[in-house]
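Everything quoted here is computed from the prediction, not taken from an experiment. So that the names make sense, note that chain A is the first sequence line, chain B the second, and so on, each numbered from 1.
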Amino acid sequence: MKDNFITAIIDAQQATSRSVQTRFPPEPNGYLHIGHAKSICLNFGIAARYAGQCLLRFDDTNPETARAKYAQAIAEDLRWLGFASAAPSRYASDYFAHLHASAVQLIEAGLAYVDTLSGAQLREYRGSLTTPGKESPDRNRSVAENLELFRRMSAGEFAPGACVLRAKIDMNSPNLHLRDPVLYRIRTQPHYRVGTRWKVFPLYDFTQCLSDAVEGVTHSLCTLEFEDNRPLYEWFLEKLQIPDPRPQQIEFARLKLNGTVVSKRLLTQLVDGGHVRGWDDPRMPTLRGLRRRGCPAEAIREFCAKIGLTKKDTTIDIQLLENCMREELDRTAPRAMAVLEPLRVVIENYPDGQEDSLPAANHPADAGFGERQLPFSREVYIERTDFMEQPPARYRRLAPGREVRLRYAYLLQCTGVEHDVHGRVVLVRGRIDPDSRGGRAPDGRKVRGTLHWVSAQHALEAEVRLYQPLFTDSDPTALGEQWLQALTPDSLQSGRAWLEPGLTAAPPGQVYQFERLGYFCADPDGSPQRPVYNRTVTLRDSWRPPG
RNA sequence: UGGGGGAUCGUCUAACGGCAGGACAGCGGACUCUGACUCCGUCAAUCUAGGUUCAAAUCCUAGUUCCCCAGCCA
């Protein structure tokens, strides 16, 4: 964990030898995305830096939305990200009895009351940003009456919406959150964990601070939009006489990434609207999407370390994430060859029917990856973009009369071109230097261009899925309700590719570098007969034709 | 016209009142059996206006501007 404004706060406290405990508190109502990863890395990183503990706590106070499948998926994603969290998960619903008793305590202290105002009235009485609120007629009910009403609420005697429990704070506060916030509401849906035992459920503000206190959380880190909630957080701790040291809420800026959306609500709409294939669609900034795309967990962690931490609203360039992926994958991905847009090359001086097997390094900088054998024959495919009849200046690839290297194979000189009736190149003829087997020039002559290739008769046909950013606009949310209009029309481009034969056996999730093309990850949709590869990220490409 | 926060290269992010540094992106070059990787170089910033000071991104004053808050969501 690098230094940031939160470590500075904690460092200052270390003088008084404060221990450190944090928590990651997702709601189990959706899947984790890269924005959560920022919070995860922060919370676990802080705990690790100060030799403390970070707990995973499901914030499952809302029975309408909390679901077991999400909790399970979140735990899974967290593990994948690299935070195994030895401690068992906690659940806010574990604390319902304690929370309820705390509510009773507030009522007894004259600090909470049951209000029968309707939702609409509640809103009206709350006032507005610029006008003060109005006290509810129920505000001065006696303690005994409140106790009795809350008991009946809790016993299920009232319908949802009939009444709520509110804190008695200040209807004139300029901070809307302090205008007698709702603590408990009635819900009849069974809760996925505690079933029908509870008829009343605590709201966020009441739950978060007390759960933190119960667990011994010292630093409760959350995003900026909760800044106004902090006085309320502290109010509960004080009125319930939580002993010092009390948990301290500190807010930081949430992550925004350009070219995508990072909000559960919006991501849900993408899935529900069929704009992507699901939560694990490789275009999604969800952890599952990134994983399926081939992004290593380590790259996400590195990314989170690099973006830093402040209270400033920021938008991170997606290229930083891509850079982290390339950095990690360059180290860890074995190399392979594949051709996306094939152009047939006939090697005139290589006998028809003859075959050879050529050794190729699986990683040019790490011999530990070993070698593999590549079949070679009279006809090979090269990338269509690696041949030009009239090449521009500084073009290092194949052109009539030019010589290039077929990687790990032979030096190849172009001797002819064939066109179809439209004048399109359909075939290239060439001759290899028989003394260059392995790709080395026998006389040491410089051959600038090196091309990837596959043997035509041995090539394995596969599907490749190429992805564009989901949105054409760097900030689609700036379009308000129209945000979906910024969707990239063909953000998924599915096509065929020809792979070297060894690639048939790759397990889903395995990432290769297809040399000169990019990193590609085996997709679970594939089979040994027809593999499917997702392009994780392209290689950097500094080649630009002049002009 | 309420309250709470924020403003440093294009984008992130550093800098006790003491040389505005780093990363990503861009550009140029070297190297290269991946136009990758690596290496080198380069471009580029303190929201504005006053003030305090030998010295201000930092302190003071006044502005500007952006974000958040009116769920029985979190």
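- Side-chain atoms of Thr310(A) lie closest to rU13(B) of the nucleotides rU34(B), rU13(B), rA70(B).
- Here the P atom of nucleotide rA7(B) and the NZ atom of Lys311(A) are 10 Å apart, to the nearest Å.
- Using the six-membered ring where Trp is involved, Trp483(A) and Phe471(A) have ring planes that are tilted, between 30° and 60° apart.
- What separates CD1 of Ile318(A) from P of rA23(B) is a distance of 21 Å, to the nearest Å.
- The side chain of Lys312(A) places no N or O atom within less than 4.0 Å of a non-bridging phosphate oxygen (OP1 or OP2) of rG5(B).
- With rC69(B), rA14(B), rC73(B) as the candidates, the nucleotide lying closest to the side chain of Glu27(A) is rC73(B).
- Aromatic pair Phe150(A)/Tyr113(A): ring centres not closer than 6.0 Å.
- Between the CG atom of Leu232(A) and the P atom of rG71(B) there is a distance of 15 Å, rounded to whole Å.
- Neither side chain, Arg407(A) nor Thr450(A), offers a donor N or O lying under 3.5 Å from an acceptor on the other.
- The Arg394(A) side chain lies nearest to rG29(B) when the options are rG29(B), rC73(B), rC72(B).
- Within the 3.5 Å criterion, the main-chain N or O of Leu257(A) finds no donor-acceptor partner in the side chain of Thr260(A).
- For rG71(B), the base adopts the syn conformation, since its glycosidic angle falls within 90 degrees of zero.
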